[in-house]
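Structure, as structure tokens:
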Amino acid sequence: MKYLVILFMLLLSLGKGFAQSGLIPQPVAFHRSSGEFLLTALAGISSEPGVSAELVNLTQEQIRSYAGFTLPLSQKKAAIQLKLDSTQVPQNEGYRLRIHSRGVELVGHDPAGLFYGVQSFVQLLHQSKNLRLPASQIIDYPRFSYRGMHLDVSRHWFQVPFIKKYIDLLAQYKFNTFHWHLTDDQGWRIEIKRYPELQNVAAYRKETLIGHKRELPHRFDGKKYGGYYTQEEVREVVRYAAQRHITVIPEIEMPGHALAALSAFPALGCTGGPYQAATFWGIFDDVYCAGNDSTFTFLQNVLDEVVELFPSKYIHIGGDECPKTRWKSCPKCQARIRHEGLKDEHELQSYFIQRMEKYLLTKNREIIGWDEILEGGLSPGATVMSWRGTEGGIEAMRQKHKAIMTPEPFVYFDFYQSLYASEPTAAAWYTPLSKVYSYEPVPDSLTAEEASYLLGIQGNVWSEYLATEAHAEYMIFPRALAVAETAWSPKKGRTYPDFLRRLRLNEPMLKRLKVAYATCLMN
Ligand code: TNX
């Protein structure tokens, strides 16, 4: 009986321990102890061999931006100690953080883990009163290895400082992947030196739709819109992200969503054009011609430059929403179907994707595609991004392919997040924070072996209606924090009410970082 009482008390204190953390994502284990640590300008920072100077500098800078002073570097063990030790912390990207009255010990399994420990410390610092941190111990590591956020920069594009701010925020909440949607019908946004027409023509559209696309008649603003990232800027973003343990995966769309590219290279379309970058939103019949070998040469040349800029293992090649209308009546596409012994246009799309996959494999890269790449047969090594619900991901995993869950009903941030009439125009459905939080990515219908192909989850930010940075931030935050928690934290032991409590504790930090998050959700 006595032992039962002790066990009960222990469980209670564990539960209490969880409830006391203010962290998002919720750590695996959080225990409060007595005492507190007061951070002062006298506290030094030391690191053991193996910890990069870059990480130490970044830590100093993150602490300085909140505390107002720079912690001096120390050769001897200082109040704040950073070290790497995979025996103490066996999980990839994991860390152990101990805050006690004399200092802070942070041990990372690997540099990423150490970095996440710093992010937790910084978040706690923002929640502290006068830099007094309650003594505690955290043991933490991620549930999924892929924790992504996406941004469409074609429909509206965002300058490099905004991209960096986005990356900072993603890193703070322990995301490790930024999926950069760089090309689409409405604009091509990456400099490709071999094809200056992509910069001079495809990066611009004549004008932009005003209001929602369902509001008829369509009205346009009459203003030329566009721009692109230079290769130097892309390199800078990739480097900046890597320092923060974020991999940038570029997306070059094919065979659909290609109007902007076709406006510069009409010979790559089935009809030969002329074409114009799209000025309104939707799906367009004009796509890359799959019967024309020049299409493949062009895309391979583009990818040659893309893989030089992005060291990521994965390259996203789109594959979604490719109407087969033109291919059906295109003599070259039909000849390709006959010559390759394909059954129909779906198999032609599969041929297209497989051909690009083969090319990228010669560069040691794997492809990711939206779930339409399942139609007509999946490329042998493709990873599927499941967006039209979860079925595509489930099917891919059954076929022993890797999958990333990004289901539209749960993690699309171009949808409405409240029912207030004052909400700015949004794409379509209603995806409140609670719904994002409720999403469980491991499908019940799969065996454990099948589910092992699930890499993780991602939130998507399509920018048709996001013309300004503030509007983008409003749609992304705080919903992205719910994705962060689903991607990182164990399924057990977290609840939506407690997430909301921790979200309120995160508000001051979001305010200080000047994030235009949606407050109405937190009332
Ligand atoms: C579908 S999600 C698209 C995008 C649009 C989005 C709008 C996906 C792979 N394709 O091109 O921007 O819907 O919600």
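Remember, it's 1-based here, ligands and their atoms both numbered in the order they're listed.
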Worksheet item: Are Arg501 and Tyr496 side-chain neighbours, meaning at least one heavy-atom pair lies under 4.5 Å?
Response: no
Worksheet item: Among all protein non-hydrogen atoms, which one is nearest to atom 7 (C) of ligand 1, and what is the separation to 0.1 Å?
Response: Asp414 OD2, 3.3 Å
Discussion item. Quick check on Glu372 - does any of its heavy atoms sit under 4.0 Å from an atom of ligand 1?
Written reply: no
Worksheet item: Is Glu236 salt-bridged to Arg239, cutoff N-O under 4.0 Å?
Response: yes
Discussion item. Check for me whether the distance between the ring centres of Tyr359 and Phe296 falls short of 6.0 Å.
Written reply: no
Worksheet item: Is the closest heavy-atom distance from Arg155 to ligand 1 below 4.0 Å?
Response: yes
Worksheet item: Looking only at heavy atoms, is any part of Trp281 under 4.0 Å from ligand 1, and if so is it the side chain, the backbone, or both, or is it neither?
Response: neither
Worksheet item: Using the benzene-type ring in the case of Trp, are the ring centres of Trp180 and His316 under 6.0 Å apart?
Response: no
Worksheet item: Can you tell me the protein heavy atom closest to atom 1 (C) of ligand 1 and the distance?
Response: Glu321 OE2, 3.3 Å
Discussion item. Does the Lys NZ or Arg CZ of Lys224 fall within the cation-pi geometry relative to Tyr204 - under 6.0 Å from the ring centre and within 45° of the axis?
Written reply: yes
Discussion item. Distance alone, cut at 3.5 Å: any donor-acceptor contact between the side chains of Glu423 and Tyr474?
Written reply: yes
Item to complete: List the closest protein heavy-atom neighbour of atom 10 (N) of ligand 1: residue, atom name, distance to the nearest 0.1 Å.
Response: Asp320 OD2, 2.8 Å
Item to complete: Would you mind listing which atoms of ligand 1 come within a distance below 4.0 Å of any non-hydrogen atom of His257?
Response: 11 (O)
Discussion item. Taking the cut-offs as 6.0 angstrom to the six-membered ring centre and 45 degrees off its axis, would you call Lys213 and Trp281 a cation-pi pair?
Written reply: no
Fill in: Which residue and heavy atom of the protein sit nearest atom 2 (S) of ligand 1, plus the separation
Tyr412 OH, 2.6 Å
Fill in: Atoms in ligand 1 flagged as close to Glu464, the criterion being non-hydrogen separation under 4.0 Å
5 (C), 7 (C), 12 (O)
